[in-house]
Amino acid sequence: MKSSNRDDGWLAGRLYFNREDKKVLIKRPRSGFGYTMNLGNKWTWIFHIIFVIIIVIFIRVL
């Protein structure tokens, strides 16, 4: 398994995509603070889809 501390998987220094890394949340190494989600993990996409569905439902109810 590749470590998220390496430069492998970082796109433009802000997005992280690594299918071999099973972590969902990754700390940004260069900025010193903040987290990003591993876009190579299926649970990240499931979370995003559920989040979008909740937002759409919320907007329709209002």
Side-chain angles (χ1 to χ4, degrees):
M1 174 171 23
K2 292 184 181 181
S3 170
S4 61
N5 294 332
R6 294 177 44 185
D7 287 338
D8 297 340
W10 287 98
L11 307 171
R14 307 214 21 105
L15 299 175
Y16 185 71
F17 185 95
N18 187 344
R19 290 188 177 158
E20 295 177 13
D21 191 349
K22 299 302 178 193
K23 295 179 187 174
V24 174
L25 287 175
I26 308 295
K27 188 170 183 177
R28 291 187 185 157
R30 293 190 182 107
S31 66
F33 63 94
Y35 289 85
T36 190
M37 295 183 98
N38 180 4
L39 298 174
N41 189 318
K42 69 177 179 179
W43 292 107
T44 299
W45 291 102
I46 291 170
F47 172 78
H48 281 111
I49 291 169
I50 291 171
F51 183 75
V52 167
I53 290 170
I54 290 171
I55 296 298
V56 168
I57 291 171
F58 183 73
I59 290 173
R60 288 212 178 254
V61 168
L62 291 179

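Just so we're clear, the structure is a prediction, and the values are computed from it rather than from any experiment.
Under a 4.5 Å side-chain heavy-atom criterion applied to ILVMFWY residues, the cluster that includes Leu39 comprises Leu11, Leu15, Phe17, Trp45 as well.
Interatomic distance, CZ of Arg14 versus OG1 of Thr36, reported as 8.0 Å (0.5 Å rounding). Interatomic distance, CZ of Arg28 versus OH of Tyr16, reported as 13.5 Å (0.5 Å rounding). Separation of atoms CD1 (Ile26) and CE (Met37) is listed at 10.0 Å; rounding is to 0.5 Å. Remark: Phe47 CZ to Leu25 CG distance equals 8.5 Å, nearest 0.5 Å.
Partner of Val56 under the side-chain contact (heavy atoms from CB on, under 4.5 Å) criterion, chosen from Ile59, Val52, Ile53: Val52.
Among residues two or more places apart in sequence or in another chain, the side-chain contact (heavy atoms from CB on, under 4.5 Å) test is passed with Tyr35 by Lys27. Partners of Ile50 under the side-chain contact (heavy atoms from CB on, under 4.5 Å) rule, at least two apart in sequence or in another chain, are Ile46, Ile54.
Placement of Val24 and Phe51 in two distinct hydrophobic clusters is found when ILVMFWY residues are connected by side-chain heavy-atom separations under 4.5 Å, directly or transitively.
Using modelled atom types, no side-chain atom of Asn18 and backbone atom of Asn38 make a donor-acceptor pair closer than 3.5 Å.
For the residue pair Lys22 and Arg19, the shortest heavy atom distance occurs at NZ-O, 3.7 Å.
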